[in-house]
Enquirer: 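This is the structure I have questions about; it appears just below.
Order of the sequence lines sets the chain letters (A, B, ...), proteins ahead of strands, with each chain counted from 1. Just so it is clear, the model here is predicted, and its values are computed rather than measured.
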2 protein chains.
Amino acid sequence: MKAEQDIFHKFLAQKDLRDTPQRELILDVFLKREEHVSAEQLYDIIKKRDPSIGQATVYRNLKLLSEAGLAREVDFGDGVTRYEHNYNHPHHDHLVCRGCGKMVEVVDSVIEELQKRVAEQYGFVLTDHALYLYGNCAECRKGHRSG
Amino acid sequence: MKAEQDIFHKFLAQKDLRDTPQRELILDVFLKREEHVSAEQLYDIIKKRDPSIGQATVYRNLKLLSEAGLAREVDFGDGVTRYEHNYNHPHHDHLVCRGCGKMVEVVDSVIEELQKRVAEQYGFVLTDHALYLYGNCAECRKGHRSG
DNA sequence: TTGCTAATGATTATCATTATCAATAGTAAA
DNA sequence: TTTACTATTGATAATGATAATCATTAGCAA
Ligand SMILES: [Mn+2]
Ligand SMILES: [Mn+2]
Ligand SMILES: [Zn+2]
Ligand SMILES: [Zn+2]
């Protein structure tokens, strides 16, 4: 049994939520994808395994996976919420190419530390942050596929 | 004549766009507000001066003000695009309290520099970024109004 | 088994924003 | 000034992601 499934089952038990085949399926499909995936995309994949599943169920349970700490919401600012793995996938930020959409996960401990410091200057205690770096990747600059 | 109006008129001329009373009004009302304001909020204010104005006109022209460099879009992740002044208001990031919503504009030149550096490590040239710091302000922690 | 109640799936509703389109109005040339 | 051209407007419908509703189904503990 995967550690993630274990976590999920404990989460459900603790919250008095029920274990359903839909939930198992959604978790299973989610875990198999390493990319950032939207509810819609996941729904399309899941339908192939269980054509009777409702899309609301997928939306609902992705939020649940987030609550359980297994998924994390990612907002690239295009109006679509995506989900990524949150278990054994430590915090990172995203560097996105404006030309081709290529995405790199990055982390800089100095930046992270300075953010905390800035927040403290204003009397805030930092709980989390969203940092998206936008630019043009090497290929796009060569092929001037970008603005 | 305000510098912003001058910029706007030049922008319109250069783009072969027309100067209309609606555009003048929207610019005027926008400039009078120092806060981050949504199209909807601005529409409500503008209606008082010109009840016949259409809300699509407000949406359209806020985008235009952004193109002209007078406004800048801000995305706090709540599904509503807000606009802030972009003329004589240099780049800054936002520190937001999860408890009361209080918002502080911050900037840290070291963070800005490090972001560029990180992007370069991956062959990217940084064009812009979005950084939102979330936390709890001093008052909210005292009154434990927060989670 | 039963009984309680959470979960599901179909459907409708929301809500911000965009598209459509006929009517209107800048603007520059005649 | 008129005219002619075309950008702009305002009303309205459409979009698209997500949430709410609700009758039906189905975990699960007794
Ligand atoms: Mn990621
Ligand atoms: Mn600001
Ligand atoms: Zn690229
Ligand atoms: Zn606060």
Enquirer: Calculate the interatomic distance between A:Gln14 atom CD and D:dC28 atom C1'; express it in whole Å.
Expert: 18 Å

Enquirer: Between B:Val58 and B:Asp16, which has a closest nucleotide on DNA chain D that is more 5'?
Expert: B:Asp16

Enquirer: Is it the case that atom NZ in A:Lys10 sees more than 12 heavy atoms from other parts of the structure closer than 6.0 Å?
Expert: no

Enquirer: Would B:Phe11 and B:Phe30 show up in the same hydrophobic cluster when neighbours are defined by side-chain heavy atoms closer than 4.5 Å?
Expert: yes

Enquirer: If you walk 5' to 3' along DNA chain C, what is the first nucleotide with an atom under 4.0 Å of a heavy atom in chain B, and what is the last?
Expert: C:dA16 to C:dT27

Enquirer: Look up atom NE2 in A:His91 and atom CD in A:Glu105, then write down how far apart they are to the nearest 0.5 Å.
Expert: 10.5 Å

Enquirer: Could you tell me how far apart A:Tyr59 (OH) and D:dT21 (C1') are, to the nearest whole angstrom?
Expert: 17 Å

Enquirer: Decide yes or no for A:His85 and A:Leu70: does some side-chain heavy atom of the first lie under 4.5 Å from some side-chain heavy atom of the second?
Expert: no

Enquirer: Atom CD of B:Gln22 and atom C1' of D:dA7: how far apart are they, to the nearest Å?
Expert: 12 Å

Enquirer: What I want to check is whether the side chains of B:Gln41 and B:His36 have a donor and an acceptor closer together than 3.5 Å.
Expert: no

Enquirer: So, using side-chain contact (heavy atoms from CB on, under 4.5 Å) as the criterion, who are the partners of A:Lys116 when residues are at least two apart?
Expert: A:Glu113, A:Leu126

Enquirer: Could you tell me how far apart A:Leu17 (CG) and D:dA26 (C1') are, to the nearest whole angstrom?
Expert: 15 Å

Enquirer: Using heavy atoms to find the nearest nucleotide of DNA chain C for B:Arg82 and B:Asp19 separately, return the residue whose nucleotide is more 5′.
Expert: B:Arg82

Enquirer: If you check every side-chain atom of B:Ala56, which of D:dA7, D:dT18, D:dT12 has the closest atom?
Expert: D:dT12

Enquirer: Can you check the A:Glu24 CD to D:dG27 C1' distance for me, whole Å?
Expert: 12 Å

Enquirer: Under 4.0 Å, counting only non-hydrogen atoms across every strand here, what does B:Ser38 touch: a base, just sugar-phosphate, or nothing?
Expert: nothing

Enquirer: Please determine whether a side-chain nitrogen or oxygen atom of A:Arg60 lies at a distance below 4.0 Å from atom OP1 or OP2 of D:dA19.
Expert: no

Enquirer: Consider the side chain of A:Lys63, meaning its heavy atoms from C-beta on, and name the nucleotide among D:dA19, D:dG27, D:dT18 that approaches it most closely.
Expert: D:dA19

Enquirer: At 4.0 Å (heavy atoms only), tell me whether A:Asn61 reaches a base, stays on the sugar-phosphate, or touches nothing.
Expert: sugar-phosphate

Enquirer: Using the ring of each side chain (for Trp, its six-membered ring), is A:Tyr132 parallel, tilted or perpendicular to A:Tyr134, with breaks at 30° and 60°?
Expert: parallel

Enquirer: Tell me: CZ of A:Arg23 to C1' of D:dT25, nearest whole Å?
Expert: 14 Å

Enquirer: Quick one: is B:Thr57 getting a side-chain N or O under 4.0 Å of the D:dG10 phosphate, OP1 or OP2?
Expert: yes

Enquirer: For B:Gln55 and D:dT9, give me the distance from atom CD to atom C1', rounded to whole Å.
Expert: 13 Å

Enquirer: Any base atoms under 4.0 Å from A:Ser52, or only sugar-phosphate, or nothing? Heavy atoms, all strands.
Expert: sugar-phosphate

Enquirer: Please give, in whole Å, the distance from D:dT6 C1' to B:Lys15 NZ?
Expert: 18 Å

